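Starting from 1, each residue takes its place in the sequence as its number. Everything quoted here is computed from the prediction, not taken from an experiment.
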Amino acid sequence: MQDMDFLNEAQKKAVTHKDGPLLVLAGAGCGKTGVVTHRIGQLIAKGVAPSEILAVTFTNKAAQEMKERVHKLVQKDVLTTTFHALGARILREAIHEIGYQNSFVIYDEKDSENLIKECLKSLGLPESKEMLKSAKQKISEAKNQLLFPEMIKDPSISEVYTSYQRRLKEYNALDFDDLLFLTVQLLNAPIGDAYQERWTHILVDEYQDTNHAQYNICKLLSGKYRNICVVGDPDQSIYSWRGANRYNLLNFERDFPGALVVKLEENYRSTNQILMAANKLISCNDRVYEKDLWSSLGEGERVRCEIFAKDHFEAHFIMERLQEELRKYSGEEIAILYRTNAQSRILEDALLKNRIPYLIIGGLSFYQRKEIKDLLAFLRLAVARSDMIAFLRTINIPKRGFGLATVDKIRGFADADGLPILDLLEKLIDGDPRMKLSAKQRAELTVYLNIFDEIERMAENKDPIDQIMKRLIIDSRYEDFLKEDKESYEDRKENMEELVAKAYSWQKENNSSDLRLFLEELSLKGSADDPNGKERGIRLMTVHNSKGLEFNVCFLVGMEEELFPHINAQDSPEGIEEERRLCYVGMTRARKKLFLTASLQRFLWGHPRSMKPSRFLTEIFPRKPDNMMPAPLASSYR
């Protein structure tokens, strides 16, 4: 028998539950993986064959970890897998039952895009990047909602979806979403009964993150024996934007009458001061299942909230605290969390200035992002007319009708004539017998060159660099270029505006409008000396990317209205509740120390803005701050 002395009473209740549905409400840091592992061990000890147990989670890493822990506990292997891998396994065995061949191949994202492009072309529909992305996204959403082509209201998307599925079948291929979509179809077919027999006990982790298709797979597989154990936390449901439905968890007792509900509230990660603050915040949500986390790790330090006059004072404070915390903890034990990727810029600048190593988790360093490198390439070419790399990067932003062969010829002419590339382009516009330009190409090159003429003019006049940047964005039509990819547009636009903010702050700090010096400093930030590439260092990431991680010290920055909660959620009560859950996730990443920071002025969306402290701060700390004067370190809810 396995030793369960170290489990608390709630954990033991979940682990030793006999048969029937079981809902484990596992708060952050409450040992849910250990509960799932020991429940599997208990089932095997009771005589359930390992082959009759199925454990499902969301990532390959989580599945592998659980598999290893089960094997270490009982020296037996249990099928521990992700939803998509489970679908692939079932379909490989029995997809012939619904008219497909078992030898199917699985298309990756690029294969799927190419096939949709083929469908658009055959149907005479626009093959634009925007149409391609829209069709791909809507087909994916439809499959995850278990909608067939004829159920789609948009006639064009319905037509593309029909053609796409027909061609997939003809090519003996499935896309990633089919691994769920077709699995549900197969489990609804007569052969589905055999799978209900195969796994008599099913365990599902992170159940609040299941979408409609995954929810149906769980219900269908557990239909006969009803021995389903789901583990999750509705207060950590933060992925509605990718189809997750927390009501799958909230409605579990309706779906499985007679289910036992066990709450895990003892937290093994954080001190009580952190947990009390998190509990205050999440209690403001409308919750079906109330739970309050507590810890035996002691009271710990109080959560600190600091409100600053300006965002660079906020960054200065964080750097000072980091220097102090790094005397006690290694860099990888400390995290700075933010709501949007664009917020990393001012923090990266401060870390670089203070020579503090850092690592961006789940994203690129600000200065390595495509939109930043694109705009800086335009500026570089304006100050160095021979910069061929900048020319190659910018000539087709947006598309100007110059293919690879034509661009290669132009490059060769510039080398042969010994001319700066911009001078060579002027020569081509005036007429060069070596290359006859079409009227469209001549017009596009003229527009392209005008961009650099305007930058040069403004730079010579010592116009503010942020104004040069804004002019560049307009003249280059860069925002229209970003709009071609709706999925990434908002994030990239925020990053673009943050670059304008960087230009504004740089010239204030340096009392200079020298574009060359500005570009020189930024090029050094992106060099090989950038500590971002080192494995050791402070962790920077969005709050979404922090889920599942934990750190001794956490800074949750930018706690302001329209930033956190995000502006996109302002008009939606459900959206505000998800933002609050996201903040709760961020707070519960901290083991020992938690700092919440806000600024009364932040350079946001291209210009300085007055900001209001987030409503979440008032919910956590009802007492008004002692001092709200706009001093460099105006603070602080204590």
> Hey, what's the ring geometry for F481 with Y478, parallel, tilted or perpendicular (30° and 60° as the breaks)?
Replying inline: tilted
>> Taking the basic N atoms (NZ, or NE/NH1/NH2) and the acidic carboxylate oxygens, is any pair closer than 4.0 Å for K427 and D417?
In response: yes
> How far apart are the closest heavy atoms of I395 and L445, and which atoms are they?
Replying inline: CD1-CD2, 4.0 Å
> Does the side chain of E456 reach to within under 4.5 Å of the side chain of R385, using non-hydrogen atoms?
Replying inline: yes
> Could you walk me through whether S599 and M611 pass the side-chain contact (heavy atoms from CB on, under 4.5 Å) check?
Replying inline: CA-CA 7 Å; S599 172; M611 306 297 287; 5.8 Å; no
> Do D491 and S488 meet the criterion of a side-chain donor-acceptor pair at a distance under 3.5 Å?
Replying inline: no
> Do you know which two heavy atoms are closest between R400 and N396, and how far apart they sit?
Replying inline: N-OD1, 3.2 Å
> Between Y489 and E479, is any side-chain donor less than 3.5 angstrom from a side-chain acceptor?
Replying inline: yes
>> Does the plane of the ring in F564 sit parallel, tilted or perpendicular to the ring in F616? Use 30° and 60° as the thresholds.
In response: perpendicular
> Are S614 and E561 close enough, and set up right, to give a side-chain contact (heavy atoms from CB on, under 4.5 Å), and what steps lead you there?
Replying inline: CA-CA 5 Å; S614 171; E561 288 294 307; 4.1 Å; yes
> Counting distance only, does the side-chain N/O of S546 pair as donor-acceptor with the main-chain N or O of V543 below 3.5 Å?
Replying inline: yes
>> Whether the side chain of D408 engages the backbone of L404 through a donor-acceptor N/O pair (distance < 3.5 Å, no angle test) should be reported.
In response: no
>> Tell me if a side-chain donor or acceptor on E579 pairs with a main-chain N or O of H566 at a distance below 3.5 Å.
In response: yes
> Can E170 and R166 be said to form a side-chain contact (heavy atoms from CB on, under 4.5 Å), step by step?
Replying inline: CA-CA 6 Å; E170 286 174 5; R166 186 183 68 248; 3.7 Å; yes
> What do the steps show when you test C119 against Y161 for side-chain contact (heavy atoms from CB on, under 4.5 Å), and what is the final call?
Replying inline: CA-CA 9 Å; C119 295; Y161 185 7; over 6 Å; no
> Sub-3.5 Å donor-acceptor pair from the side chain of E578 to the main-chain atoms of S240, do we have one?
Replying inline: yes
>> Using a 3.5 Å distance criterion without hydrogens, assess whether the side chain of Q441 forms a donor-acceptor pair with backbone atoms of F402.
In response: no
> Pick one: which of E562, E314, Q343 meets side-chain hydrogen bond (donor to acceptor under 3.5 Å, both in side chains) with R602?
Replying inline: E314
> How about N60: does its CG atom have over 12 heavy atoms from other parts shown lying under 6.0 Å from it?
Replying inline: no
> Would you call the rings of F603 and Y504 parallel, tilted or perpendicular, where under 30° means parallel and over 60° means perpendicular?
Replying inline: tilted
>> Please check: side-chain N/O of D175 versus main-chain N/O of D177, any donor-acceptor pairing under 3.5 Å?
In response: yes
> Is a side-chain donor-acceptor pair under 3.5 Å present for R369 with S344?
Replying inline: yes
>> Keeping R589 on the side-chain end and L549 on the backbone end, is there a donor-acceptor pair under 3.5 Å?
In response: yes
>> Can you confirm whether the side chains of Q165 and K143 place a donor and an acceptor under 3.5 Å from each other?
In response: yes
> Under 30°, 30 to 60°, or over 60°: which ring-plane class applies to F595 and F317, parallel, tilted or perpendicular?
Replying inline: perpendicular
> Is E324 salt-bridged to R321, cutoff N-O under 4.0 Å?
Replying inline: yes
> Taking 4.0 angstrom as the limit, do D349 and R345 come out as a salt bridge?
Replying inline: yes
>> Could you tell me if R434 sits above the aromatic ring of F413, with its cationic atom closer than 6.0 Å to the ring centre and no more than 45 degrees from the axis?
In response: yes
>> Please tell me whether S134 and Q137 have a donor and an acceptor in their side chains that are separated by less than 3.5 angstrom.
In response: no
> Salt bridge check: are K493 and E497 linked by an N-O gap of less than 4.0 Å?
Replying inline: yes
